[in-house]
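First up is the structure itself, then whatever we jot down about it.
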Number of protein chains: 2
Amino acid sequence: MKNISKEDYLSVIFKNQNSNGEIKSNIIAGKLSVSNAAVTDMLKKLSKDGYIIYERYKGIKLTVDGENYARNMVRRHRIWEVFLNQIVGMPWEKVHEEANKLEHSSSDDLINRLETMLDYPEYDPHGDPIPTKEGKIPKLKKHRPLSELKEGESGKVIRVNDFDEKFLGYISELGIKLQEKISVKQKRAFDKSMEVVVKGKLWNISNKLAQNVFIEVK
Amino acid sequence: MKNISKEDYLSVIFKNQNSNGEIKSNIIAGKLSVSNAAVTDMLKKLSKDGYIIYERYKGIKLTVDGENYARNMVRRHRIWEVFLNQIVGMPWEKVHEEANKLEHSSSDDLINRLETMLDYPEYDPHGDPIPTKEGKIPKLKKHRPLSELKEGESGKVIRVNDFDEKFLGYISELGIKLQEKISVKQKRAFDKSMEVVVKGKLWNISNKLAQNVFIEVK
DNA sequence: TTTTATTTTTAAGCATGCTTAAATTATTTA
DNA sequence: TAAATAATTTAAGCATGCTTAAAAATAAAA
Ligand SMILES: [Mn+2]
Ligand SMILES: [Mn+2]
Ligand SMILES: [Mn+2]
Ligand SMILES: [Mn+2]
């Protein structure tokens with residue numbers, strides 16, 4: 001294939017499909033910041049290429065080929081993230097954007113070499129699982145958004161959303177990182193913000209922020 | 001800018017300009033494997049963008065902006081090559097093609113990090129000089145093609161052309177690499193092939209091959 | 001210098017991936 | 001169920017980067 005746009009569409013479909021493997025064209029347009037018309041256009045092409053099953057006004061679903069292609073794109077992306085973070089020393093808030101470009105520009109051979117160098121990591125720097133060459137996806141421990149914890153509860157961070165550099169930079173300042181323990185001291189009903197303790201320090205965080213940090217369920 | 005095609009055109013112009021900084025549209029088409037019409041098209045755009053000075057049927061010359069942009073592309077390419085070869089362990093015959101893709105897909109920040117990791121290399125795996133961040137280009141020792149050596153002469157390899165994977169794979173089998181000594185035992189006038197000794201072994205090599213290996217002039 | 005060959009440009013057209021505006025279909029709400 | 005709203009598709013158009021074929025300019029040969 002070798003086509004940046006198509007690869008991006010497939011990744012988005014893969015990452016946002018519901019439990020039945022379906023997705024609305026709506027969502028795709030939003031995630032890719034393109035018009036709905038552009039999505040319809042591309043869906044026709046992906047369908048013709050055999051990557052999705054598509055009927056107008058009906059659902060969108062990846063074929064086996066499409067699923068494989070998309071899973072491999074996610075693999076590329078996350079292996080690059082780990083590599084940039086661990087080997088190159090790039091902070092976790094910058095690797096997502098950089099990986100978004102590199103994922104389209106590297107041979108499978110290179111990706112496999114990076115993976116070997118990294119000793120087959122299972123998770124990326126934000127806690128997302130890395131599909132193996134064979135297509136297996138490591139299990140994520142059960143988790144829920146920090147925003148859903150009640151007063152008095154606490155738990156370990158095991159995943160954070162990685163698409164907003166500012167967000168990641170900010171939570172880093174608060175000391176929030178993977179495996180770090182967070183305790184909820186107080187919740188304010190009026191704006192859903194909460195007081196949390198990280199490394200002995202007390203912070204007030206917004207609901208929006210808390211929705212993007214995920215805590216392991218024990 | 002961020003435009004793969006334009007970046008490729010600029011690189012080709014930079015790498016193939018003559019001593020007066022000029023180049024024929026002809027050459028560009030050849031190097032990029034596109035039609036002459038495509039080149040004319042792109043020259044107009046590059047000119048409008050301020051990267052080249054261009055007058056129809058007259059010469060083509062990089063502006064200062066164009067020269068800077070192009071030099072930086074060469075820098076990106078060669079730093080990736082060193083990185084892939086030294087850190088990732090990819091053989092020298094594969095790094096050129098991989099770098100050709102990566103060079104368009106990495107931030108300056110990433111390139112600078114790679115350079116730091118590599119401790120500011122001056123030459124790429126094929127002996128080509130790597131422009132610094134400031135635009136300085138390390139001097140290459142005086143050299144000439146192996147094909148021009150006379151019978152009985154010998155010398156050290158200091159550069160090889162890197163664009164043909166097959167060629168590099170083949171000379172690797174002969175034991176030819178940077179810094180390796182090669183002695184010319186015999187030259188055949190009829191096809192310009194030569195008998196050379198590398199690491200004590202005698203090989204017959206074609207003129208075409210010998211034109212792509214460069215020997216230091218003492 | 002005149003003819004011939006080569007190089008470069010123009011012209012017309014095509015595929016890709018977008019856009020906005022209008023039309024159509026599906027879903028929700030009353 | 002009917003009307004209103006939301007989602008999706010179609011239509012027309014634009015920029016980019018190519019193509020081939022024909023025309024024009026330049027360079028080389030006779
Ligand atoms: Mn990411
Ligand atoms: Mn990630
Ligand atoms: Mn190269
Ligand atoms: Mn090289």
Side-chain angles (χ1 to χ4, degrees), chain A residues 1-14 16-62 66 69-70 73 100-101 103-105, chain B residues 1-14 16-62 66 69-70 73 100-101 103-105:
Chain A
M1 186 200 302
K2 244 325 98 198
N3 182 307
I4 295 178
S5 279
K6 284 184 185 170
E7 290 184 343
D8 281 337
Y9 277 85
L10 288 178
S11 287
V12 164
I13 294 171
F14 180 79
N16 296 282
Q17 59 191 345
N18 66 21
S19 46
N20 296 321
E22 282 159 354
I23 186 174
K24 295 296 185 71
S25 100
N26 216 2
I27 307 292
I28 303 173
K31 296 284 176 184
L32 291 173
S33 302
V34 297
S35 68
N36 290 315
V39 174
T40 301
D41 246 36
M42 185 60 91
L43 292 178
K44 287 179 191 161
K45 292 173 196 161
L46 289 172
S47 172
K48 208 172 124 206
D49 292 350
Y51 291 114
I52 61 171
I53 304 291
Y54 166 67
E55 256 186 300
R56 43 203 280 281
Y57 292 111
K58 298 280 180 306
I60 302 158
K61 236 181 152 174
L62 290 168
Y69 202 109
M73 288 311 299
N100 263 350
K101 294 177 288 175
E103 64 189 3
H104 304 291
S105 315
Chain B
M1 187 197 302
K2 244 326 98 199
N3 183 307
I4 297 178
S5 279
K6 283 185 185 170
E7 290 184 343
D8 281 338
Y9 277 85
L10 288 179
S11 288
V12 163
I13 294 171
F14 179 79
N16 297 282
Q17 59 191 346
N18 67 19
S19 47
N20 296 321
E22 282 159 353
I23 186 173
K24 295 296 186 71
S25 102
N26 216 4
I27 306 292
I28 304 173
K31 295 284 176 184
L32 290 173
S33 302
V34 296
S35 67
N36 289 317
V39 174
T40 301
D41 246 36
M42 185 59 92
L43 292 178
K44 288 179 192 164
K45 292 174 196 160
L46 289 172
S47 171
K48 209 173 122 206
D49 292 350
Y51 291 114
I52 62 171
I53 303 292
Y54 165 67
E55 256 186 301
R56 44 203 279 279
Y57 292 112
K58 297 280 179 307
I60 301 157
K61 235 181 153 174
L62 290 168
Y69 202 111
M73 289 311 300
N100 262 351
K101 294 177 288 175
E103 65 188 2
H104 304 291
S105 315

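Convention: sequence-line order gives letters A, B, ...; per-chain numbering from 1.
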Establish, with yes or no, whether the OP1 or OP2 oxygen of [N] is under 4.0 angstrom from a side-chain nitrogen or oxygen of [X].
X     : N      : result
A/K44 : D/dT9  : no
B/Y9  : D/dC18 : yes
B/K24 : C/dT7  : no
B/K58 : D/dT26 : yes
A/N36 : D/dA7  : no
B/S35 : D/dC18 : no
A/T40 : D/dT10 : no

Nearest whole angstrom, please: distance from the [atom2] of [N] to the [atom1] of [X].
X     : N      : atom1 : atom2 : answer
B/L46 : D/dG17 : CG    : C1'   : 12 Å
A/I4  : C/dA15 : CD1   : C1'   : 16 Å
A/N26 : D/dT5  : CG    : P     : 18 Å
A/K6  : C/dC18 : NZ    : P     : 11 Å
A/I28 : C/dG17 : CD1   : P     : 15 Å
B/L32 : D/dC18 : CG    : P     : 8 Å
B/E22 : C/dT8  : CD    : C1'   : 16 Å

Could you work out which one of [options] sits closest to the side chain of [X]?
X     : options                : result
A/A38 : C/dT19, C/dT9, D/dT9   : C/dT19
A/L43 : D/dT9, D/dT19, C/dT9   : D/dT9
A/N3  : C/dA21, C/dT8, C/dG17  : C/dG17
B/R56 : D/dG17, D/dT10, C/dT10 : C/dT10
B/M42 : C/dT20, D/dC18, D/dT19 : D/dC18
A/K45 : D/dG17, D/dA21, C/dG17 : C/dG17

Kindly say whether B/F14 contributes a backbone atom to a donor-acceptor pair with the side chain of B/Q17 at under 3.5 angstrom?
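Indeed, once roles are kept as given, a pair shorter than 3.5 Å links the two residues.
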
Would you say the side-chain atoms of A/S11 pair up with the backbone N or O of A/E7, donor to acceptor, closer than 3.5 Å?
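Judged by distance alone, yes, a pair lies under 3.5 Å.
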
By nearest nucleotide on DNA chain C, pick out whichever of A/V39 and B/I23 is the more 5' one.
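It is B/I23, whose closest nucleotide lies nearer the 5' terminus.
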
Under 4.0 Å between any heavy atoms, over every strand shown, what does A/D41 touch: base, sugar-phosphate, or nothing? Just pick one.
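Base contact.
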
Is there a donor and acceptor pair, one atom on the side chain of B/Y57 and one on the base of C/dT7, closer than 3.5 Å?
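Not at all, since no donor on one side and acceptor on the other fall under 3.5 Å apart.
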
What do the steps show when you test A/Y51 against A/K45 for side chain to side chain contact (heavy atoms under 4.5 Å, CB included), and what is the final call?
CA-CA 9 Å; A/Y51 291 114; A/K45 292 173 196 161; over 6 Å; no

Result of checking B/N36, B/V39, B/N16, B/T40 against B/I28 for side chain to side chain contact (heavy atoms under 4.5 Å, CB included):
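Only match with B/I28 under side chain to side chain contact (heavy atoms under 4.5 Å, CB included): B/V39.
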
As a quick check of understanding, evaluate side chain to side chain contact (heavy atoms under 4.5 Å, CB included) for B/L46 and B/Y54, giving each step before the final call.
CA-CA 9 Å; B/L46 289 172; B/Y54 165 67; over 6 Å; no

Answer yes or no: are there more than 12 heavy-atom neighbours, outside A/K31 itself, under 6.0 Å from its atom NZ?
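Result for NZ/A/K31: open.
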
